[in-house]
Structure formats: structure tokens, C-alpha cells
A.B. asks: 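One structure coming up, written as C-alpha cells, with questions to follow.
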Amino acid sequence: MTDKIAVLTGASRGLGRNIAVHLARQGVSVIGTYHSREDEAAAAAAEITAAGARAAMLPFDASRTETFAGFAASVADVLRDEFGRPDFDFLINNAGIGINAPFAQTTEAQFDELVQVQLKAPFFLTQRLLPLIADGGRILNVSSGLARFTLPGFAAYAATKGAIEVLTRYQAKELGPRRIRVNVVAPGAIETDFGGGHVRDNADANRAIAGTIPLGRVGLPDDVGAAVAALLSDGFAWANGTRIEVSGGQNI
């Protein structure tokens, strides 16, 4: 995949950063986004460069749809000035938030925030970036194993992820004439700082979740990063409109 370029939201930390590094190891340059921590973005860019690819990091706020046109213009500028290209190859809609609240106690504000960041943002960001995606490129949306199995406290979160999976199929259908493949990856429980690091840092929770996974452990960031790099490789080019769960078989 040498000479390919990926735009990856949420690239400065967690799964996004791991995905970026795995792509870089395959020669894919990364235009990543960060929300507020410029120091984390700089560290992620250095790690991408050390892995063998070029990197650029741009600020991006998924909660502010009105800034997406300006963000798309910034991406176009970076492509032209730093990569000498008018377009890029892969869009990975990874940025997200975790809100854990029982259904009966979920507030309208929490619900609206989840819809904005997890559904509205990837919907309209992808729309804005479509003119910059090369024909024959790929879009990979990020869902969650929670769209298939259920854990109390994630009704609103999982509902937005279920919507992303439906959206993926519609995008695959409508973008087919440009040969743009659109798929969705659904990680299971992963040891990251997401959701306050509950899976990673709470030993009891980690053991309990591991008991629901046939392979006997919770996932690691490398499990997802390596999978995403494989899904964007030429060997996976005939998949389109497909959901791929990377959970070790959690709750099957």
C-alpha cells in the first residue's frame, strides 16, 4: 500500500493512534486528527514517522458540524502542499466518545452528544470529504461489538453504532459508481483509555469480559490496528458493505 494516504479521525490516542502506526508500517501516510491535545498529536505524528510513513495532524471537533467545510479545505491544503496530490485513498471514521448510562437514566443531552459525535459527524464529514477521496478508494467506519451484543449502560452508544452500520451499507451502494468500497469494523472490548480505561484498568471487569470471549482474553489495540490495516489492503478489495467484527468472538 505504499504511496497511499489515509485520513484518520481520532488519530492522536487509543485505537486511532494504533491504527495509524499499523498503516504506517505498510507505507500508508496519515493525515490524522486530534481534538485538543496538540502534544499527543505531535507524539502520534512522530510515531507514524518512525514507523516509516509521512504524517500530518489537524485539529478537528466532531461536535461542531459547522467547521467541517473548513476542515475539508485544510485537508485539501495539506494534500497539495505536503503530499503533492489532489486526493487521498482511505477515510477512517474512528473518532468517538464513550458514555455509559443506564437506559432509564440517559439524559437528552447525553443522547444528543452521542448522536452528534458518533453518527452526524461521520455522516457529514464523509459528505464533505467525498470530492477529495480518490475513485477506487476506501471508507472504513468504526462501529462496536455492542451493536450486536448487549451490555447494560450502553443503549444510546450502541444505537448510534447500529446506525453507522446501516449507513455503511447505503454508502457502499451509492458510492459504487466511483468504485469506493465502504465497510465497517466493530471492535469488541479492548484495553485502551476509552471510557476512562475501564476494560484496561479494572481487573475484575477485565476478567469478567475475558470470560465471555472464547480466546480467553480481552482485545489489545494491536488486534484492531492490524485488522484495519488488513481490511484496507488490496487483498480485501472485493469486500463492500460488509461488517467485520474484531472481538475474539465475544458473546457468541
A.B. asks: Mind listing the closest non-hydrogen atom pair of A62 and A121 along with its distance?
C.D. replies: O-CB, 3.4 Å
A.B. asks: If you apply the rule side chain to side chain contact (heavy atoms under 4.5 Å, CB included), what do you find for I99 with Y157, and how did you get there?
C.D. replies: CA-CA 7 Å; I99 294 178; Y157 174 87; 5.9 Å; no
A.B. asks: Just checking R64: does its CZ atom have more than 12 heavy atoms from other residues, nucleotides or ligands closer to it than 6.0 angstrom?
C.D. replies: no
A.B. asks: Calculate, to the nearest 0.5 Å, the distance between atoms CG and OG belonging to L146 and S247 respectively.
C.D. replies: 10.0 Å
A.B. asks: Shortest non-hydrogen contact from L232 to I92?
C.D. replies: CD1-CD1, 3.7 Å
A.B. asks: For E66, does the CD atom sit with more than 12 other heavy atoms under 6.0 Å from it, leaving out its own atoms?
C.D. replies: yes
A.B. asks: Where is the tightest heavy-atom contact between A210 and G216, given as atom of each residue plus distance?
C.D. replies: CB-O, 3.9 Å
A.B. asks: What I want to check is whether the side chains of S12 and E38 have a donor and an acceptor closer together than 3.5 Å.
C.D. replies: no
A.B. asks: Between the side chain of S74 and the main-chain N/O of G70, is any donor-acceptor distance below 3.5 Å?
C.D. replies: yes
A.B. asks: Are R243 and T168 side-chain neighbours, meaning at least one heavy-atom pair lies under 4.5 Å?
C.D. replies: no
A.B. asks: Verify, without hydrogens or angle tests, whether R179 (side chain) and P177 (backbone) share a donor-acceptor contact under 3.5 angstrom.
C.D. replies: no
A.B. asks: Considering non-hydrogen atoms only, spot the tightest contact between S144 and K161 and give its length.
C.D. replies: CB-CG, 4.0 Å
A.B. asks: Salt bridge or not between D135 and R178? Use side-chain N to carboxylate O under 4.0 Å.
C.D. replies: yes
A.B. asks: Determine, using the 4.5 Å side-chain heavy-atom cutoff (strictly less than), whether I5 and Y34 are members of one ILVMFWY cluster.
C.D. replies: no
A.B. asks: Can you confirm if the aromatic rings of F68 and F60 lie within a centre distance of less than 6.0 Å?
C.D. replies: yes
A.B. asks: Check whether any side-chain heavy atom of K4 sits under 4.5 Å from a side-chain heavy atom of F90, and report yes or no.
C.D. replies: yes
A.B. asks: Starting from the C-alpha separation in whole Å, work towards a yes-or-no answer on side chain to side chain contact (heavy atoms under 4.5 Å, CB included) for L58 and V75.
C.D. replies: CA-CA 8 Å; L58 296 173; V75 171; 3.9 Å; yes
A.B. asks: Would you call E47 and R17 a side-chain contact if the rule is heavy atoms closer than 4.5 Å?
C.D. replies: yes
A.B. asks: Do I190 and P187 come within less than 4.5 Å of each other through their side chains, counting heavy atoms only?
C.D. replies: yes
A.B. asks: Less than 4.5 Å apart, side chain to side chain, heavy atoms only: is that true for D87 and I133?
C.D. replies: no
A.B. asks: How many angstroms lie between atom CZ of F111 and atom OG1 of T106, to the nearest 0.5 angstrom?
C.D. replies: 9.0 Å
A.B. asks: Do other residues, nucleotides or ligands put more than 12 heavy atoms under 6.0 Å from E82 CD?
C.D. replies: yes
A.B. asks: Given 3.5 Å as the limit, does a donor-acceptor pair link the side chain of Q118 with the main chain of I97, or not?
C.D. replies: yes
A.B. asks: Indicate whether any N or O donor in one side chain lies under 3.5 Å from an N or O acceptor in the other, for Q116 and S63.
C.D. replies: no
A.B. asks: Measure the spacing between CG of N240 and CG of N183 and express it to the nearest 0.5 Å.
C.D. replies: 6.0 Å
A.B. asks: Between G153 and N100, which heavy-atom pair has the shortest distance, and what is it?
C.D. replies: O-OD1, 3.1 Å
A.B. asks: Please say which of V30, I31, V7, V78 ends up in a side chain to side chain contact (heavy atoms under 4.5 Å, CB included) with F88.
C.D. replies: V7
A.B. asks: Can a donor-acceptor pair be found between the side chains of T126 and N93 at a distance below 3.5 Å?
C.D. replies: yes
A.B. asks: Side chains of V28 and R54, heavy atoms from C-beta outward: is any pair under 4.5 Å?
C.D. replies: no
A.B. asks: Is the closest basic N to carboxylate O distance between R85 and D89 below 4.0 Å?
C.D. replies: yes
A.B. asks: Applying side chain to side chain contact (heavy atoms under 4.5 Å, CB included) between N141 and each of I164, N94, L91, report the one that passes.
C.D. replies: I164
A.B. asks: Side-chain contact test, heavy atoms from C-beta onward, threshold under 4.5 Å: evaluate it for L132 versus P86 and give yes or no.
C.D. replies: no
A.B. asks: Within the 4.5 Å heavy-atom criterion, are V184 and V142 side-chain neighbours or not?
C.D. replies: no
